Amino acid sequence: MGDSDSRLVQDRRAKVERLRKEGREPFPWSFPGRVATSQVVAACAPLAPGAEGRGPPLTVAGRVRAVRVHGKSAFVDIDDLAGPLQLFARVDELGEEGFGRLTADLDPGDLVGAVGRPVVTRRGEPSLRVTELTLLAKALNPPPEKYHGLKDPEERLRRRYVDLLAAPESRARFRARFLLTRALRAHLDGLDFLEVETPTIVPVASGAAANPFTTRSRFLDAELQLRIALELPLKRLLVGGLERVYEIGHVFRNEDLDSSHTPEFTMMELYWAYADYHDMQRLVEGLYGALASEAARLLPENPAARAAPERFRPPFAVVDFVDELEARSGITDLLGRSREELRALARAAGATVPDDSPPGKFLDKLFEHYVEPTLDRPTFVVDFPAATTPLAKRHRSRPGRVERFELFAGGTELGNAYTELNDPDEQEARFREQLSARGEDHYAYDADFVEALRYGMPPASGLGIGVDRMVMALTGTSSIKDVVLFPPVRERPVDLL
RNA sequence: GGGCCCGUAGCUCAGCCCGGCAGAGCAGGCGGCUCUUAACCGCAAGAUCGGGGGUUCGAAUCCCCUCGGGCCCGCCA
């Protein structure tokens, strides 16, 4: 069962040996002058079936998907990033020897280059009538079966390159993911935000409630952690006068995987001096509107992407956290409830929360249970109870609330924003509350951050968006593993020798 | 971490309930075919049935353990 023993691999190795003996290099260095396969297809468009294009020959390169030999002619399907193309090879153009080599050398999975003229076959398939065919890299391992492809979900993750080479829709989805990230940057750059980078390895991970990964520095002789959020370093930059900053980077949370969580994921956080959370709602609407258009352009075949521009057309709906929760749950006077009452209500709603959870935890659970699943259309949930949010500024006119919104769509969170707390004394008090609440997932006390606020942070609004989930929402992808190229997998057990 | 399910040829899958010679298609080999596109036709080959143990005259099939994965639940976005 070992690959090295496989008969198929042995046959392919034998071909490599033979090629070398014949003085032909199975892994040449370059292949100049190629155009995209789509260019050949375009050149075929005006041609009638059976006609051959005039003008100079074209050069293409790509991976062999199938070889169909018909005695003295052959069809070779290749594809490159632009799409598939049929090569039409005949002994008439290649000669007996050249044609014989083609059929003897080529296997599915090989990378080849071809020169020829565009033709449309009698059956109407745009093709390249090949006058030269060159092996560019021999594939020793055979590709997955040509019709069913690679189905095994484990192999698709462990050997993502095989998934990508075998499944054009997987390539298209990942391309869309990274082009959406590019569009995200372009949108923010256009609003004059500055992209920055801050450390991933920090003394104490803070800015969110999650279990950190730990590591050790030999230089500092100290235990360090991997960041769980971008928030606090970026706010320090507002103190420093950078005014509009954002960062797109990985954050790390030492938790289990499921269809919407993975321990290492991509976060975008943005901080905007002299703006508040109302300004930020407008920014988020503009941002999702722009990204939805881009998704529709990138994936015209994908129903979710195609529907995105209409779905994410501003303005988004707005609901009040407390009003909506009371309306959905039938609970009254939520803000007047004691911690014990809230805990009992949360447990009645099926949440399993430890007794010593921070007080806001119970409200979060209630909201998650009663409201989140009902939020399908993009909706801003606004004015969270203060207890849920230690880093947001208290509401300017509504006691017991903070100026915060989350954007939900399709039952999942697509963004989280506050008017930022910039009063150092209040920040210090909120950190202390969190610590005294104990429990596992309190926010870490960051004394230097309080110190930074003492120098004066401008009034500002901040935004966080989970980029993986943003991509999922815009592309209709149900598992986060389908938008993360190399999700974490367990070490495969060593084969017994 | 708890529950349910899956693992058979390089790939996609049968066979497992109800124990009795491990099958097919694709890919690969050989032969044929100058318009196919999941090309077609013929021949031959390819598997310690995830791993270990047990029950049995006999295990892919039943039992136990273990590894890997999927889905649901709990926790983090």
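Source: prediction; values computed, not measured. Note on naming: letters A, B, ... go to the chains in the order of the sequence lines (proteins, then strands), and numbering restarts at 1 for each one.
Straight-line distance between the P atoms of B:G7 and B:U12: roughly 13 Å, to the nearest whole Å. Across the P atoms, B:G28 and B:G70 are found 31 Å apart, a figure rounded to whole Å. When the C1' atom is compared between B:G52 and B:C67, the two are found 10 Å apart, to the nearest whole Å. Comparing the same atom, P, in B:C16 and in B:C62 gives a spacing of 10 Å after rounding to whole Å. For B:U37 and B:A27, the P atoms lie 13 Å apart once the distance is rounded to whole Å. Comparing the same atom, P, in B:A9 and in B:U48 gives a spacing of 8 Å after rounding to whole Å.
Pairing for B:G1 is with B:C73, a Watson-Crick or G-U wobble pair whose two hydrogen-bonding atom distances lie under 3.5 Å. Using N1 to N3 plus N6-O4 or O6-N4 for Watson-Crick, or N1-O2 and O6-N3 for G-U wobble, each under 3.5 Å, B:U34 pairs with nothing. When Watson-Crick and G-U wobble pairs are counted only if both distances are under 3.5 Å, B:C49 pairs with no nucleotide at all.
Checked against side-chain hydrogen bond (donor to acceptor under 3.5 Å, both in side chains), A:Thr181 has no partners two or more places apart in sequence or in another chain. Applying the ring pair (Phe, Tyr, Trp, His ring centres under 6.0 Å) rule to A:Phe449 yields no partners; only residues at least two apart in sequence or on another chain are considered. Considering only residues two or more places apart in sequence or on other chains, A:Tyr246 meets the ring pair (Phe, Tyr, Trp, His ring centres under 6.0 Å) condition with none of them. Not counting sequence neighbours, the partners of A:Phe88 by the ring pair (Phe, Tyr, Trp, His ring centres under 6.0 Å) test are A:Phe75.
The side chain of A:Lys15 contributes no N or O atom lying less than 4.0 Å from OP1 or OP2 of B:G28. Phosphate proximity of B:G70 to A:Lys481: present, with a side-chain N or O under 4.0 Å from OP1 or OP2.
Residue-level contact check: A:Thr262 touches the bases, meaning some heavy atom is under 4.0 Å from a base atom. Using a 4.0 Å heavy-atom distance criterion, A:Ser127 is classed as making no nucleic acid contact. Contacts of A:Gly149 with the nucleic acid, taken as non-hydrogen atoms under 4.0 Å apart, involve only primed sugar atoms and P, OP1 or OP2.
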Using a cutoff of under 3.5 Å, can you pull out all pairs of nitrogen or oxygen atoms linking the protein to nucleotides 13-16 of chain B, with atom names and distances?
none

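Side-chain contact of A:Arg404 with A:Asn416: a donor-acceptor pair under 3.5 Å is present, judged by distance alone.
Where A:Asp468 and A:Val69 each meet RNA chain B at their nearest nucleotide, the meeting point lying more 5' is that of A:Val69. Taking for each of A:Glu145 and A:Gly124 the nucleotide of RNA chain B with the nearest heavy atom, the 5'-most of the two is the partner of A:Glu145.
A perpendicular orientation is assigned to the rings of A:Phe312 and A:Phe316, their planes being inclined by more than 60° (bins at 30° and 60°).
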Residues 478-485 of chain A, side-chain donor-acceptor partners within the protein, below 3.5 Å, at least two apart:
{"from": "A:Ser479", "atom 1": "OG", "to": "A:Lys481", "atom 2": "N", "distance (Å)": "3.2"}

